[in-house]
There are 2 protein chains.
Amino acid sequence: MSNAEALLPILEPEAPAAVAPCCPPLTERPLTAEEAAGTAKMFKALGDPVRLRLFSLVASHEGGEACVCDISDVGVSQPTVSHHLKKLKEAGLLTSERRGTWVYYRVEPSVLAAMGRLLTSATGA
Amino acid sequence: MSNAEALLPILEPEAPAAVAPCCPPLTERPLTAEEAAGTAKMFKALGDPVRLRLFSLVASHEGGEACVCDISDVGVSQPTVSHHLKKLKEAGLLTSERRGTWVYYRVEPSVLAAMGRLLTSATGA
DNA sequence: CGTCTATGTTGACACATGTCGAATCGACGA
DNA sequence: TCGTCGATTCGACATGTGTCAACATAGACG
């Protein structure tokens, strides 16, 4: 696949942007097909037990940041952990940064807030 | 299927209870494997565009209740709509009730609130 | 430069999932 | 009772997904 990447004009596999300010609360208005498609990607990313646990490990870590070595003890092999972290990154929920030997993952606070707003009914209840 | 139900001791295929008061916010504490497994089911249920749209259609309907005939216009066949509604029901997000000819679906407000709390960071940000 | 440790990628496999057409069930009306 | 309409279930198929072993890459340290 590295060949294709070199030949093509570097088209990114997923649109990694514009996930934060998405939609009003679900109780307020039915989502359009486009809105649902974009939002469902985030929910789907959290729809796997391993990913949800990895995400909570990063989110609850000090400073909302965690090294892979700190969170790779979730019961699956390390390639699988890397695979899931990549999925979370593609969904816009995490960002990664390499500092020296280790790679650190951080949560995207705006995305968290947006998803929370989606599920927080504005109707008072 | 009516035969099997009559013969077997009525074992339910999915545990339909105890989904509402689950976990503290994700930013507060890493989820255990059990918590993640249970919570991921709800996120997974909303991780499909069609299901998310169906859910928003029901949630935003008057009284948080909608007939299937009102929400079955999401671009897929009616059996598929029924299939997705069943999934949402199994995840504890919806409840169904038959009134005469039509079947009405309603949202479970406590579940919505619980999921919103999960994503609402208590750290102030 | 060589080697070691830490992450990420590839290829392959088993399994789950979304989708539809056809058949079935349930309620209403002629 | 029979026919019709709304909703679910069944059977089948194509696709997506999670998982791992093996390999590749990136930086650190002698």
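Just so it is clear: chains get the letters A, B, ... in the order the sequence lines come, proteins before strands, and each one is counted from 1.
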- Message: Quick one, B/E65 with B/R99, criterion salt bridge (charged side-chain N to carboxylate O under 4.0 Å, His left out). Give me CA distance, side-chain angles, the key distance, then yes/no.
- Response: CA-CA 12 Å; B/E65 179 180 88; B/R99 283 209 294 275; 2.9 Å; yes
- Task: Using a cut-off of strictly less than 4.0 Å, decide whether A/W102 has a side-chain nitrogen or oxygen near OP1 or OP2 of C/dT7.
- Result: yes
- Task: Would you tell me if any nitrogen or oxygen in the side chain of B/K44 comes within less than 4.0 Å of OP1 or OP2 on C/dT17?
- Result: yes
- Item | B/T80 side-chain N/O to C/dG18 phosphate OP1/OP2 under 4.0 Å | no
- Message: Quick check on C/dG18: is either OP1 or OP2 less than 4.0 Å from any side-chain nitrogen or oxygen of B/K87?
- Response: yes
- pair A/D70-A/V58: side-chain heavy atoms closer than 4.5 Å: no
- Check whether any side-chain N or O of A/R98 sits under 4.0 Å from OP1 or OP2 of C/dG8, and answer yes or no. no
- Give a yes/no answer on whether the side chain of B/R99 brings an N or O atom under 4.0 Å of OP1 or OP2 in C/dA27. no
- Query: At under 4.0 Å, does any side-chain N or O of A/H83 touch on OP1 or OP2 of D/dT17?
  - Reply: no
- Kindly say if B/Y105 contacts the phosphate of D/dT8, meaning a side-chain N or O under 4.0 Å from OP1 or OP2. yes
- Message: Using whole Å, what does the distance between atom C1' of nucleotide D/dG18 and atom CZ of A/R51 come to?
- Response: 8 Å
- Message: Please confirm whether the shortest side-chain N or O distance from B/S77 to OP1 or OP2 of C/dC20 is below 4.0 Å.
- Response: yes
